[in-house]
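The shown structure was predicted, so the numbers you read here are calculated from the model rather than taken from an experiment.
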Amino acid sequence: MSTINRRRTVLRDYSKSMKHYWDEAAFIPDLEDGAAARSVASRFLELRENDFVGGFVLRRFERFASAEVRTWWVDGVCVLIGPHPDSPNDSAPVEIDLAPIAPLIAGLGLPFVTVDLALRTDGVWRVIELGDGQVSDRPTTIEPQTMITALLAQAR
């Protein structure tokens, strides 16, 4: 049985991560190493500059077995599932079971959200991020008309 290092942490702000700068501005290998944590946070701030939003958010590091998948929801109903814009050519390795999160998303009462998911190494789908669409790009592998049609079909 493997043990989880609960001190491994991922840093982000209220809006964005710096996952493209993983080693220098996102991943903190040991949260108890104050100097290393401060260095990652400083680099994060340097990269985000005036776009830093709200404050720091720490999240326990988890291992994933898949690339992120983006889902689009209208009035609490998932209308489209596709690859994340950062990995537009990667598809989900298995079918996604949205049943556990669907009532939670519907319970938000929001007209539109995107939810990014990834498959953990233990086979559980994990919500990575939920957004209100302000910074929710479309992957290049989904045609604009496909997305518009899916979104409008539920909105009617």
Side-chain angles (χ1 to χ4, degrees), residues 4-6 8-29 40-41 43-155:
I4 297 173
N5 181 343
R6 297 192 187 284
R8 290 181 173 180
T9 306
V10 179
L11 178 73
R12 56 173 294 134
D13 71 11
Y14 284 24
S15 175
K16 286 284 190 186
S17 71
M18 289 276 94
K19 65 184 174 185
H20 300 297
Y21 298 91
W22 184 254
D23 289 327
E24 60 183 297
F27 180 62
I28 302 171
V40 170
R43 180 65 173 140
F44 185 101
L45 284 172
E46 178 183 326
L47 290 167
R48 289 286 286 153
E49 294 180 328
N50 294 333
D51 294 325
F52 183 74
V53 177
F56 286 121
V57 176
L58 298 174
R59 181 174 186 156
R60 183 183 67 210
F61 173 80
E62 297 177 276
R63 293 206 180 276
F64 296 114
S66 75
E68 286 183 53
V69 175
R70 177 156 288 172
T71 58
W72 289 264
W73 301 71
V74 175
D75 294 326
V77 175
C78 183
V79 298
L80 187 63
I81 299 172
H84 190 278
D86 290 345
S87 52
N89 296 307
D90 294 340
S91 58
V94 296
E95 191 168 319
I96 302 169
D97 179 12
L98 297 175
I101 66 167
L104 301 171
I105 305 233
L108 294 172
L110 297 172
F112 176 78
V113 295
T114 58
V115 180
D116 298 339
L117 304 149
L119 184 65
R120 287 193 322 212
T121 55
D122 65 359
V124 173
W125 283 96
R126 176 66 134 148
V127 172
I128 302 299
E129 182 173 70
L130 183 143
D132 62 4
Q134 293 184 51
V135 293
S136 300
D137 291 339
R138 168 190 58 85
T140 57
T141 51
I142 294 181
E143 293 296 322
Q145 191 58 47
T146 300
M147 177 172 284
I148 291 167
T149 300
L151 296 173
L152 290 177
Q154 177 62 29

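Inter-residue side-chain proximity for Val10 and Leu58 is flagged as unmet; no heavy-atom pair is nearer than 4.5 Å. With a 4.5 Å cut-off on side-chain heavy atoms, Ser66 and Trp125 count as touching. Within the 4.5 Å cutoff, side-chain heavy atoms of Asp75 are placed close to those of Pro111. Taking 4.5 Å as the limit, every side-chain heavy atom of Met18 sits out of range of all side-chain heavy atoms of Val40.
To the nearest 0.5 Å, atom CG of residue Leu130 and atom CG of residue Leu104 are 10.0 Å apart. With values rounded to the nearest 0.5 angstrom, Tyr21 atom OH is found 12.0 Å from Phe44 atom CZ. Within the model, atoms CZ of Phe56 and OG1 of Thr9 stand 13.0 Å from one another, a figure rounded to the nearest 0.5 Å. In this structure, the separation between CH2 on Trp72 and CZ on Arg70 is 6.0 Å, given to the nearest 0.5 Å. To the nearest 0.5 Å, the span separating OG1 on Thr114 from CG on Leu80 amounts to 11.5 Å. If you take CG on Leu117 and OG1 on Thr71, they are separated by 5.0 Å, rounding to the nearest 0.5 Å.
When atom types are taken as modelled, the side chain of Asp13 and the backbone of Val53 share a donor-acceptor pair closer than 3.5 angstrom. At least one donor-acceptor pair closer than 3.5 Å links the side chain of Arg59 to the backbone N or O of Ile128. Checking side-chain atoms of Arg43 against main-chain N and O of Glu46 turns up no donor-acceptor pair under 3.5 Å. Proximity of a side-chain donor or acceptor of Thr141 to a complementary backbone N or O of Pro88 within less than 3.5 Å is detected. Checked by atom type and distance alone, the side chain of Ser17 never pairs as donor or acceptor with a backbone atom of Arg12 at under 3.5 Å.
Within a 6.0 Å sphere centred on CZ of Phe27, other residues, nucleotides and ligands contribute more than 12 heavy atoms.
Ion pairing between a basic and an acidic side chain is recognised when a charged N comes within 4.0 Å of a carboxylate O; Asp51 and Lys16 show no such pairing. Glu129 has no carboxylate O lying under 4.0 Å from a charged side-chain N of Lys19, or vice versa, which leaves the two without a salt bridge.
Taking the salt bridge (charged side-chain N to carboxylate O under 4.0 Å, His left out) definition, one finds that Asp122 meets it with Arg120, sequence neighbours left out.
Residues Ile142 and Pro83 share a closest heavy-atom pair of CD1-CD, 4.2 Å. Across every non-hydrogen atom of Leu47 and Ala25, the tightest pair is CD1-CB, 3.6 Å.
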Exercise. Evaluate the side-chain contact (heavy atoms from CB on, under 4.5 Å) criterion for residues Phe112 and Leu151: first the C-alpha distance (whole Å), next the side-chain angles of each, then the deciding distance (0.1 Å), finally the verdict.
Key: CA-CA 9 Å; Phe112 176 78; Leu151 296 173; 3.6 Å; yes
Quiz item: Between Asp132 and Leu110, is a side-chain contact (heavy atoms from CB on, under 4.5 Å) present by the stated rule, with each step listed?
Solution: CA-CA 8 Å; Asp132 62 4; Leu110 297 172; 5.6 Å; no
